[in-house]
Each structure stands twice: as structure tokens, then as C-alpha cells.
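Sequential numbering from 1 along the given sequence is applied to the chain's residues.
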Amino acid sequence: MIPSTSIPIIDPTRLIDLGWSDAWAAHLDASGPVGRPGRVLVAHRGACVVATAEDEVTVEASGALRRETRAGGIVPAVGDWVVVTSAIERILPRRSAISRKVKGKAAQVQVIAANVDTVFLVSGLDGDFNLRRIERALVAVWDTGAQPVVVLTKSDLVTDLADKEGAVEAIAAGVAVHAVSAREDIGLEALAPYRRRGSTIALLGSSGAGKSTLVNRLLGWDRQDTGSVRENDSRGRHTTTKRELIVLPAGGVLVDTPGLRELQLWEGEGGLDAVFADVTADAGACRFRDCGHEEEPGCAVRAAWAAGGVTPERIESYRKLQKELGHVASLRDERVRQERSRQVKIIHRAARKQKPRD
């Protein structure tokens, strides 16, 4: 059990390896509760594994933090910097957060990883290759505060590598694209600049994309289980079963994640405009400022599409993601309205209890 008094940092280099910096130290000084800084390695439903300067501890959120969460506060996630005593007392302000909408009709968000510097969007060049899935991932990550990087795995299995690289570069303007083969140790040197001491990399991709094999190569030993994929579609089973922060021997830390069947968007309006800049390039010339590029008269975007230059598949992808983001925004607005209504009822009930009786 960790005592609830201030404990000096025994090995500051351990925290630096995890990403600790003067900026986090400043947040710690301003955070209030006495305790030790640590970073969340694994977040379970009821407790978290936290790495501190001394050791790794399994701790639950304090009562005060749980009350903050019930009132709309954030829940500890992998990558969070936290203050711990015998429990997690406080979550330090996040620099970035990779989030997705929880599957279902409710407006609920799940933070996949916090305080990430770079996101490797991993896509296999075999049957897993899907431009529309890459577009979706780019939109989800673009405005998170982390840098997206597309990593195309299994380059040793294809003969049309240049064509596929070119297709990805065409939809990922301004984003680095690297083709690698983790199994054959090809192209991995291109990923070295992202593995700086103190930096955090998160891996996102579908099952069978090659994330676990890539993690093992970056580590230098087979830490993660790897599995075979189906021949008909190159999809694999989930060999990674939890999100986990792993320290890399060459520098930096890595957040491995289970394969995502679909990355449901939570926010990304800015990312949509950036990723599909070629699709909406003529939006400023539309007759109506709020043109939806559907059936409105004088739509310059639709006219440009008709003239060619943008594929129908990319246009359809844009419209699908735009519609999805609009739906999620309406769910978020409804959740805010319900929360405000709940707070007003609580205030009114409290006022009635305090009202003096005649």
C-alpha cells in the first residue's frame, strides 16, 4: 500500500523514459493533492496499473475522482499522467487524446490512448488494404493533437507496392506513408525518427493488420502473440486483448491496441475538411454559404465533381463520414441538454429542501 504522504522520486530517469517532462512537472505542482506522479500502463474497468518512478502499482480511483467522473469528469485512460497515493487522486491535463464513439445509439466516448505524440495507422498491404478505412482513421486522428502516420505492413507480400503507396499518398496529403515488412525486417528504419526518448506512439489498425508483429520488431523480442489471418480476406483474430503502454528499448513508449473492426467517429469535423480538402476545394464558390453539396442549386463542389478529378468512391466516403459526424454531433448536443436538465432539477430540489416553512 502506498502511504498518502509525499514520496520523493527515486529514479527520475524512469519517468523520463515514460515521457515525463518539465511541462508535466508544472502541472503536478499545480494539481493540489500530495502524491507521486505516474503514468497509466493499463486501464481496467475498476483499477489501473500505474508506473511511478519506483515501481508499478495497481490502484483504483479515489472517491473524490469517482465523484468528479459521475459529474462529467474524465476517466483514467492508458497514457494518462496521474497523481497517486493509495489511489489515483487526480488526472493531469491531457495533451492529446485518441477517442472513438462507443458502439450503440448512446452518445458515449471511449478514450483509446492519452498524451500521444504519433499515431501509426497500420494497414496490411494484403487483403486488409482498404483506402476507405484509412480515410476514416485519418479523420479520427487529425484533430486529436497527435501526428498521424500511415504504416503499410506486409510489403513483402505484394507485387504492386508502388501503386498502393501512391493510392494512399493521394488520400493522405501531408501525412507520411511508410511501407514496411516487420516479418522480413524491411523498411523499419523509416520508423526510427518517431521513437525518441520520451515520445509516445499509439498503434491503430484492424485485426490481422500486423500490429503485434510490428510491436515485436520495435521491441526486439517477441512480447506480443501473433496469429494467422484468413486467406479470403486477411482478417485475423484479436491477438492483442487490451490497450497497454510499453516502453521501447531504443527510446519512447508504445501504446498497442486490440484490432478495431470499425473506428466509430466521435469528433472530427476539422479532420474531415483537412483529409478531404480535394473534395471540398471549391466549396467557397457555392451559391449558398451552408451548402451541403447535395441538391442545392449553384453548388460549385458538385460541378467540380462532375468535371472529374475526384473519384466517386472518395466522394461517397466523404458524404458517409460527413453524415456520421453530423449524427454524432446531434447525439452530443442531446447529451449536453439532458445533463443541463439534470443539473437544474438537482438545484431545484436542493432549493425546495432549504426553503423555510411557514
Side-chain angles (χ1 to χ4, degrees), residues 1-12 14-100 102 106-116 144-145 198 200 202 241-247 253 255 257 266 335-336 338-340 342-343 345-347 349-350 353:
M1 188 70 69
I2 304 173
S4 58
T5 56
S6 179
I7 300 176
I9 294 176
I10 303 301
D11 183 6
R14 175 181 168 88
L15 286 183
I16 294 172
D17 288 339
L18 289 168
W20 188 253
S21 65
D22 291 341
W24 292 117
H27 285 308
L28 178 65
D29 291 340
S31 65
V34 175
R36 301 186 295 175
R39 197 166 192 193
V40 177
L41 302 181
V42 182
H44 299 294
R45 186 178 296 273
C48 296
V49 179
V50 177
T52 70
E54 296 175 298
D55 50 20
E56 293 179 10
V57 293
T58 300
V59 286
E60 299 180 351
S62 67
L65 184 57
R66 288 198 297 270
R67 287 192 293 273
E68 287 183 18
T69 299
R70 287 195 293 270
I74 61 177
V75 178
V78 172
D80 268 326
W81 283 101
V82 296
V83 178
V84 296
T85 55
S86 58
I88 298 176
E89 301 290 349
R90 192 171 185 84
I91 302 170
L92 298 184
R94 289 169 176 164
R95 186 175 65 243
S96 64
I98 313 301
S99 305
R100 67 169 176 173
V102 175
Q108 296 180 336
V109 61
Q110 178 187 51
V111 176
I112 298 173
N115 302 313
V116 173
T144 61
T200 301
T241 57
K242 63 179 181 294
R243 289 180 292 279
E244 182 177 9
L245 191 148
I246 306 165
V247 179
V253 295
V255 181
T257 63
W266 175 248
R335 188 173 76 165
V336 170
Q338 291 177 353
E339 177 60 25
R340 286 175 178 170
R342 187 180 73 84
Q343 293 294 336
K345 289 179 181 178
I346 291 173
I347 293 171
R349 282 199 297 268
K353 289 180 180 180

- prompt: Which atoms form the tightest heavy-atom contact between R243 and Q110, and what is the distance?
  reply: NH2-NE2, 3.2 Å

field: Smallest separation among heavy atoms of L65 and P76, with atom names
entry: CD2-CG, 4.3 Å

task: Taking atom types as modelled, find out whether T200 and R95 have a side-chain donor-acceptor pair closer than 3.5 angstrom.
output: no

A114 versus R94, closest heavy-atom pair with distance: CB-NE, 3.8 Å

Candidate pair V40 and V82, rule side-chain contact (heavy atoms from CB on, under 4.5 Å), full reasoning: CA-CA 7 Å; V40 177; V82 296; 3.9 Å; yes

query: Between R36 and D55, is there a side-chain N and carboxylate O pair less than 4.0 Å apart?
result: yes

message: Measuring only between side-chain heavy atoms, which start at C-beta, is V83 closer than 4.5 Å to L92?
response: yes

- request: Measure from the side-chain N and O atoms of S96 to the backbone N and O of V116, and report whether any donor-acceptor pair falls under 3.5 Å.
  value: yes

Reported CH2-to-CG distance for the pair W81 and L28, which is rounded to 0.5 angstrom: 10.0 Å

- prompt: Would you say L245 and L18 make side-chain contact, with heavy atoms under 4.5 Å?
  reply: yes

field: Pairwise side-chain contact, W24 with P37, heavy-atom cut-off 4.5 Å (strictly under)
entry: no

Interatomic distance, S62 atom OG to I88 atom CD1 [nearest 0.5 angstrom]: 8.5 Å

H27 side, atom NE2; S21 side, atom OG - distance, nearest 0.5 Å: 8.0 Å

field: Derivation of the side-chain contact (heavy atoms from CB on, under 4.5 Å) call for I91 and I74
entry: CA-CA 8 Å; I91 302 170; I74 61 177; 3.8 Å; yes

Atom pair CG/OG1 of L15 and T52 - distance to nearest 0.5 Å: 7.0 Å

field: Nearest non-hydrogen partners of V255 and A113, listed with the distance
entry: CG1-CB, 3.9 Å

message: I'd like to know if the side chain of T58 and the backbone of V49 have a donor-acceptor N/O pair within less than 3.5 Å.
response: no

message: Rounded at 0.5 Å granularity, tell me how far OG1 in T144 sits from CH2 in W266.
response: 15.5 Å

- request: Give a yes or no answer on whether the side chain of R39 reaches the backbone of A51 with a donor-acceptor pair at less than 3.5 Å.
  value: no

message: If I compare all heavy atoms of V109 with all of S99, which pair ends up nearest, and what's the gap?
response: CG2-CB, 3.6 Å

- prompt: Looking at CG of D80 and CZ of R90, how far apart are the two atoms once the value is rounded to the nearest 0.5 Å?
  reply: 12.5 Å

